[in-house]
Amino acid sequence: MAELYGSSPVKARRTQQEINSLKLGLVDIVEAEQPMTVRGVFYRSVAAGLIAKTDPSYKVISRLLLQLRRDGVIPYSWITDGTRWQIKPRSFNGMEDARIAMVRMFRRALWNDQDAYVEVFAEKDAIAGILSAVTSEWDVPLNVVRGFASETFLWSVAQDIIAIDKPTYLYHFGDHDPSGLLSAQDVERRLRGFAPDADIHFKRVAVTTAQITKWKLLTRPTKTSTHHRGFEGESVEIDAISATRLRQLVTDCIERHIDPDRLDRVRGVEAVERQSLEIALATWGKPA
DNA sequence: TTGAAGAAACCCGGTATGCG
DNA sequence: CGCATACCGGGTTTCTTCAA
């Protein structure tokens, strides 16, 4: 059996051939699921058995992805970095430009007419891209926690929940490992603390032990130095679940709270309003 | 040359240890 | 005993340094 890179106690260097086949594997992964984060590619590589889940291995992946992009093999647009951002006011190249943008971005708040309110939580950036494809479509907030949530962040989420004042359904996506479970529990506990009167229903959607057996997910040894009390068995990264299944999971979570008749009505109103907006703005900025 | 390791930036929880 | 601190665990990305 081939030794996984990085798992050997001997620091064996990769040959050029091994590096090349690793690169081919990376290209396959990125091509299939782009856009994704460097971290996301790393986890997918682990799930695919390409590399061990260790810090050095992560660095190898990140370096190879750098090369592949600089060499023009992988387009830059296929790799995303949600941790750096730009602050800039929205500005327009004239009124016509503004008019087009306004009509395009107009959306009716879908949940105003629904009896429930939904938010989704992701433990890490690596799956945020996958989940956001669905949450955006449904106008659902996606909260990316990054390990353990900050007090600041949870407080502001709680303020939204309090203000909306409806039965609130929170769905959490994270790893099946001691800290992952604790982090989810911690999000729930602190949110309830900040919004004690809110009607909150919190559910950890993934990774569950049922999913591990049902989908035969790739496991890794559990680190047992902290947080491990009461945790049995191997750990599983949420990245081991395919993007398709993850998308299906979120879709199910969200759609069960949607009343289709009311949705139809909102969509109808939205279409009419967008049209009105277009008409109203048609002469905007043009000489009478 | 390049792989491995360390550092930097930031947010956390839990536990062990030592001090007062 | 209670508190502060250190260190381990969880999350992300990139750059620099050192050794083979």
Side-chain angles (χ1 to χ4, degrees), chain A residues 3-20 22-23 26 30 35-46 51-71 74 76 78-86 120-132 142-158 172-191 193-194 204 206-207 220-231 234-240:
Chain A
E3 186 105 40
L4 284 178
Y5 303 120
S7 67
S8 162
V10 185
K11 290 177 196 168
R13 274 186 169 222
R14 288 179 184 79
T15 65
Q16 201 49 52
Q17 199 147 35
E18 288 169 330
I19 291 172
N20 283 336
L22 237 183
K23 280 185 177 176
L26 293 183
V30 180
M36 56 201 304
T37 62
V38 173
R39 196 83 192 169
V41 178
F42 168 58
Y43 282 133
R44 273 256 148 262
S45 308
V46 173
I51 203 163
K53 203 229 165 197
T54 62
D55 276 353
S57 299
Y58 169 71
K59 278 159 192 161
V60 170
I61 298 293
S62 110
R63 183 171 40 78
L64 292 183
L65 280 176
L66 205 58
Q67 283 177 13
L68 287 166
R69 279 177 288 173
R70 289 186 176 160
D71 293 345
I74 290 178
Y76 274 84
W78 285 6
I79 301 293
T80 56
D81 172 7
T83 63
R84 273 81 176 186
W85 62 90
Q86 190 177 59
V120 173
F121 290 80
E123 185 183 344
K124 51 183 159 187
D125 286 330
I127 53 158
I130 297 165
L131 299 181
S132 72
L142 172 63
N143 304 294
V144 184
V145 168
R146 313 184 109 211
F148 284 90
S150 71
E151 189 85 348
T152 313
F153 183 65
L154 289 181
W155 179 83
S156 69
V157 170
H172 190 282
F173 291 74
D175 295 340
H176 180 261
D177 58 27
S179 289
L181 298 189
L182 183 69
S183 154
Q185 230 171 276
D186 177 56
V187 167
E188 177 180 9
R189 185 176 53 79
R190 283 197 277 164
L191 276 180
F194 281 132
R204 232 187 116 260
V207 178
R220 67 167 160 84
T222 298
K223 289 179 187 165
T224 53
S225 47
T226 51
H227 296 164
H228 63 287
R229 80 280 160 277
F231 188 91
E234 302 267 274
S235 295
V236 175
E237 302 282 333
I238 191 164
D239 313 77

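So that the names make sense, note that chain A is the first sequence line, chain B the second, and so on, each numbered from 1. Computed from heavy atoms alone, side chains included, the values below leave out hydrogens, waters and symmetry copies.
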Between B:dG13 atom P and A:Leu181 atom CG, what is the distance in whole Å? 16 Å
Heavy-atom side-chain proximity of A:Val30 to A:Leu68 below 4.5 angstrom: no
For C:dT13 and A:Arg146 - does any side-chain N or O of the residue sit under 4.0 Å from the phosphate oxygens OP1/OP2? no
Mind checking what makes salt bridge (charged side-chain N to carboxylate O under 4.0 Å, His left out) contact with A:Glu234, not counting sequence neighbours? none
Of the options B:dG13, C:dG11, C:dT12, whose atoms approach the side-chain atoms of A:Glu237 most closely? C:dG11
Expressed as a whole number of angstroms, how long is the span from A:Phe148:CZ to B:dC10:P? 20 Å
Taken to the nearest whole Å, CG/A:Leu22 to P/B:dT2 is 15 Å
Less than 4.0 Å between a side-chain N and a carboxylate O, is that true for A:Lys124 and A:Glu237? yes
Among C:dG11, B:dC12, C:dG9, the one nearest A:Ser150 by side-chain distance: B:dC12
A:Lys124 atom NZ is separated from C:dT13 atom P, nearest whole Å, by 11 Å
Here the distance between atom P of C:dG11 and atom CZ of A:Phe121, to the nearest Å, is 18 Å
Return the CG to CG distance between A:Asn143 and A:Leu191, rounded to the nearest 0.5 Å. 8.5 Å
Give the rounded distance in Å between these two atoms: CG of A:Asp239 and P of C:dT12. 7 Å
Pick base, sugar-phosphate or nothing for A:Arg189, based on heavy-atom distances below 4.0 Å to the nucleic acid. nothing
Euclidean distance, atom CG of residue A:Asp175 to atom P of C:dG9 [Å, nearest integer]: 15 Å
In whole angstroms, how far is the C1' atom of C:dT12 from the CG atom of A:Leu65? 14 Å
